[in-house]
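Below is one structure, written out as structure tokens; comments come after it.
Residue numbers count from 1 along this sequence. Being a predicted model, the structure only gives us computed values, none of them experimental.
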Amino acid sequence: MHEIVWILGQVSQKDQKFSTKVRLLNGTKMFHSLLKLNYNHGKMLFPLLLMIKSLAKNSLTLQVLVKDGIVYTLEKTFVCVGYSPHIKLRILLECFKHFTVSKLCCTKFVRIGLVNLLMRMFERWERFDGPNRLKISSYCLNTLQHICVISKSQATIFIEFFIFVRARVFCHFHGYTESGRKAIKANGGLQLLHRFCTNCPEDKPYDCLLSRVCGILNQCLEKKELPVPEMSPVRFVLPEPKVRITNSVESESDADSQMNSVASLGRLCSDIGSCDDDDDDDDDESEDNSCKPRRKQINNRPDENEESKFFADVTSSQRSEEDLVAYKSFFREFGSLQVQLTASAGTAPEASNESSGDSPGNLIPKSSKMKTNLAEGPGKTVENGSNKSGQAGVVDGLKTFENMSPHVSEQHAYCTVASTVKSVITFLKVAYPDLVGGCGLGKAAPLNGKDRKVCRSKLLTCVDRGLHPGTLMQETCYDFDQVAVSFSVQSGVGAPQRLLCNRDEKRVGKRSSESKQLQFESRFESGNLRKAVQIGSSEYDLILTPDVNGISRHQWFYFEVSNMESNVPYTFNIINCEKANSQFNFGMQPILFSVKEAQLGRAGWVRTGTDICYYRNCYRRPGKEKNYYTTSFTVTFQHSYDVCYLAYHFPYTYSQLMANIWRWSRKLQSSSIYFRAESLCDTLNGNQNPLLTITAPDSKSNPIQKRKIIFLSSRVHPGESNASWVMHGTLEALIGNSIYANSLRDDYVFKVVPMLNIEGVVNGCNRHGLTNEDLNRRWSDPHPVLHPVIFHTKGLMEYCTRVIRNPPQVFVDYHGHSRRKNVFLFGCSQSGSWSAADRAKTDDPVQYLMLPHLMQKTCSAFALPLCSFKVERSKESTARVAVWRQLGVSRSYTMESSFCGCDQGALAGFHLDTEHLKEIGRDFCQALSMMKEAGEGWTVDKSEMESCCPLKCILKAARKPQKCIQDKQAKQHIMGIP
């Protein structure tokens, strides 16, 4: 028996499916029984703990063991092993780390007094030597962190899960959210942990321990509320929809699904850097499923009935073809509806999986007018210039440009456009950076080198402030809630519209006579700053505004600061961030625009900030037993009494988009370009949503009716301004005179919706719009009133697919990514789908792999190993998956661009500037051109598969191999190509 157990112990460490095999053989409880019999057996204990650790990593076997009472066995094992720092203790504590992912297990740990044993264990950390000190301390802190951070909502879910299984344990769940923290406090945990902070060695390996200790302290301290109301001060009264909204899939955002997992805390808790060599640090907010709650992973493979019902709901949400015919006016370059239908019947292009069998002649209804806010066909055509000039740009039905002279300056044009924008609050001004173009300086700024000592100091300062509240000065410098209301009252409802402008140049060099404090302002388009509180002579706590009608989604910031002294380091602490980690911990810097520098001929955004750190603080998030995070950075301004702007990323406003459309339509002179800008629909607040059509003019040798269609969209998440800069580069390339641009216009008709969430962009939101929901979770069944832009953008593609039988050749939705570097694509594959019905179909990797591989060749910032082609159930209502599934578009992608920079290629170690982002858009157009030239005979160059992810060189030096961030399924797709 002894030899068999030792062999199984070694096998369990090598075989990744060990726990699954044990569960299928019904052997889980047997290993628990062996541990109960041999917990004090010196030779048998070690291999048994190895096997128990492997079983604890699997959610299903973990539940079986917890129900079987393994917590009591672990307690006896702990007492028997003692506090001596040897490998058995380390493996046992690692088991604790995995078991405490279970909420029920955490409750039992508290009830039987294991918290006291863990605290006494950690108290001896200085007595441990060698690598055991770090490992034992880390696992001990992991366990304590799991015990004290589980939210009430998760506890409730877990109780419901076990309500019919173990009714007798319910009494122990009551109030257990606080019981873990109370147990830590009762056992002298606060004093012990604070003493560790004071005596923590300066060596880098201890950074992670210090980060975890500070996190536990902030969780256990008395919760502080932010000095602002929970609800956003920006409110919008939504219209009453006539039809109830139905959600066929989860609407929970990816970031929330990660935040709700206790397991993810171990992976994402790094406030200073990568915490644990054994932790999986792949914290992709958009695609990674490993950090989601275990309760969701249990039902990852639904049964056939559930899957059939799911797809039945999706099919029932399709619109009638008579309704879709109303979109014919947006395709008038193809001719009349009869011509479009005749062309579709004659050419018979590749049809969608969802195409109807109705004949084209039966699709012309007697009356087809949707009662929505869809733009009612072609309006008055406004050409900015005479036809004699040969202008190609046509602006159709965009009211913003109707009374605008073609001879005004670009700055005056921007102010005119900005003055017509409808916002929820009243704007005070036009931001100076947006007025002058809003571009970066075009220089490749190196990534920030993080100072560990500074980060340590900020973590300890945060803990000290939590332990000793009231020691700081608290003087409010800016309160958006008050100034926005008072300014709105002064402006008056129904007051005549005034022309917004900017007077920053006149303010430069003038000191405020009222105060020596910094002065702040955010009442301009895309601005976001709710409150500024001075807590030191040159230190300020900043609070961001939630999305409209919401209480959360804090990441995007954009505000003005003035009245500063030169060469004085000012520290800004944004104290209500929500994500568990940020690229601010990995080299990213915020950006700054100086009006004084612009006057000196150096206009442009620059990366700025030193002493940058991102860490958990002691402020409680409303409605959750979780804490906010702080983004802290220091800025030293070059000029006294300058007017400067600070932002999370390069802003790109709705007014900037409209001004650029006006500029492009005015300046296009080439007879080889067909460019039309028109209003697709009105947003909820009455702003016009532009739709751009770009192709070559119709000709007998190259009729438009024979061209395929490509759809592009961007900015569904308003805080992802980098997506707009990439789209800007794409549009400039498509209307340019390059060889590949001419080729693309000859072969394709481009339909572009450059800004899907206009209201979110205008009002400075980060992820949502006016409805306080993620519009990228509404593509499966968008509501015509609440989600008009999504509804009509999808309607355009449905019209192409089901009416004129010319489905989109490519669909790409541009996004920004806050937790990864580089640029990459997410696509869809049958073999990578959650659905058994999808996986049973034949996959064609060439269809979805071609464009990513061509992007790898054209774009230096593109990272092919980061591309993924999984289709998860939670993503069914995203644009990428909905267009792929419901419209049969095999080349349906999400293109992600980093907010930070690159760690591979020619730009490795540098931030992405606006010029780089526009270059990515141009590179994408070149890849599209190469895709057409490659044709159907294209094959993957499998030699490229040998190149690993950007972390390859780092992982080689690691003592224990980590999981590569390269998507395994992507590699399998490449191997499957003949």
*State the NE2-CZ distance between His717 and Arg767, to the nearest 0.5 angstrom.*
3.5 Å
*asked:* With rounding to the nearest 0.5 angstrom, report the CG to CD1 distance, Leu657 to Ile758.
replied: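 It comes to 7.0 Å.
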Flag side-chain contact, heavy atom, 4.5 Å: [X] against [Y]:
{"X": "Glu732", "Y": "Trp664", "answer": "yes"}
{"X": "Arg777", "Y": "Ser874", "answer": "no"}
{"X": "His649", "Y": "Leu917", "answer": "yes"}
{"X": "Ile710", "Y": "Leu928", "answer": "yes"}

*Please confirm whether Tyr648 and Tyr558 have ring centers closer than 6.0 angstrom.*
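Ring-ring flag for Tyr648/Tyr558: false, centres at least 6.0 Å apart.
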_Would you say the ring centers of Phe711 and Phe811 fall short of 6.0 Å from each other?_
no
Taking [X] for its side chain and [Y] for its backbone only, find out whether a donor-acceptor pair lies under 3.5 Å.
{"X": "Thr630", "Y": "Ser632", "answer": "no"}
{"X": "Tyr748", "Y": "Gln809", "answer": "no"}
{"X": "His911", "Y": "Gly587", "answer": "yes"}

Using every non-hydrogen atom in the two residues, find where [X] and [Y] come nearest and quote the distance to one decimal.
{"X": "Trp556", "Y": "Leu544", "value": "O-CD1, 3.7 Å"}
{"X": "Ile612", "Y": "Pro590", "value": "CD1-CD, 3.9 Å"}
{"X": "Gln589", "Y": "Gly609", "value": "NE2-O, 2.8 Å"}
{"X": "Asn528", "Y": "Gly764", "value": "ND2-O, 2.8 Å"}
{"X": "Gly736", "Y": "Arg745", "value": "O-NH1, 2.9 Å"}
{"X": "Ile735", "Y": "Ile694", "value": "CG2-CD1, 3.9 Å"}

*So Arg873 and Glu876, salt bridge (charged side-chain N to carboxylate O under 4.0 Å, His left out) or not? Walk me through it.*
CA-CA 5 Å; Arg873 181 167 183 173; Glu876 281 289 337; over 6 Å; no
Side chains of [X] and [Y]: donor-acceptor distance under 3.5 Å anywhere?
{"X": "Asn660", "Y": "Tyr652", "answer": "yes"}
{"X": "Asn581", "Y": "Tyr615", "answer": "no"}
{"X": "Thr730", "Y": "Tyr814", "answer": "yes"}
{"X": "Tyr645", "Y": "Asp434", "answer": "no"}
{"X": "Lys821", "Y": "Gln904", "answer": "no"}
{"X": "Glu773", "Y": "Thr771", "answer": "yes"}
{"X": "Asn822", "Y": "Asp903", "answer": "yes"}
{"X": "Thr858", "Y": "Gln926", "answer": "no"}
{"X": "Ser831", "Y": "Arg839", "answer": "no"}
{"X": "Asn757", "Y": "His768", "answer": "no"}
{"X": "Glu896", "Y": "His815", "answer": "no"}

*Test side chain to side chain contact (heavy atoms under 4.5 Å, CB included) on Arg819 and Lys579 and set out the steps.*
CA-CA 10 Å; Arg819 296 192 187 179; Lys579 293 191 176 182; 3.3 Å; yes
*asked:* If we check side chain to side chain contact (heavy atoms under 4.5 Å, CB included) with Val823, which of these qualifies: Ser897, Ser898, Cys867?
replied: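 One option only clears the test, and that one is Ser897.
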*Salt bridge or not for Arg607 and Asp913, using N-O below 4.0 Å?*
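Between Asp913 and Arg607 there is no salt bridge, as every charged N stays at least 4.0 Å from the carboxylate O atoms.
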_Between Glu720 and Arg715, does any side-chain N to carboxylate O distance fall below 4.0 Å?_
no
*Quick one: which of Phe586, Tyr629, Phe584, Tyr628 gives a ring pair (Phe, Tyr, Trp, His ring centres under 6.0 Å) with Tyr614?*
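In the set Phe586, Tyr629, Phe584, Tyr628, the residue that makes a ring pair (Phe, Tyr, Trp, His ring centres under 6.0 Å) with Tyr614 is Tyr629.
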*Steps toward side chain to side chain contact (heavy atoms under 4.5 Å, CB included) verdict (Thr793, Leu680)*: CA-CA 8 Å; Thr793 303; Leu680 173 62; 3.7 Å; yes
*Tell me, with the steps shown, if Ser713 and Asp813 meet side chain to side chain donor-acceptor pair (under 3.5 Å).*
CA-CA 5 Å; Ser713 64; Asp813 189 24; 2.8 Å; yes
*Any idea how Phe557 and Phe559 line up, ring-wise: parallel (<30°), tilted (30 to 60°), or perpendicular (>60°)?*
tilted
*Do the ring planes of His728 and Trp725 sit parallel (below 30°), tilted (30 to 60°) or perpendicular (above 60°)?*
tilted
*asked:* side chain to side chain contact (heavy atoms under 4.5 Å, CB included), that's the test. Do Asp547 and Asn763 meet it? Break it down for me.
replied: CA-CA 8 Å; Asp547 287 354; Asn763 293 288; over 6 Å; no
*Tell me, with the steps shown, if Leu825 and Thr894 meet side chain to side chain contact (heavy atoms under 4.5 Å, CB included).*
CA-CA 6 Å; Leu825 286 169; Thr894 297; over 6 Å; no
*Charged tip of Arg820 within 45° of Phe824 ring normal and under 6.0 Å*: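 That pair qualifies as a cation-pi contact.
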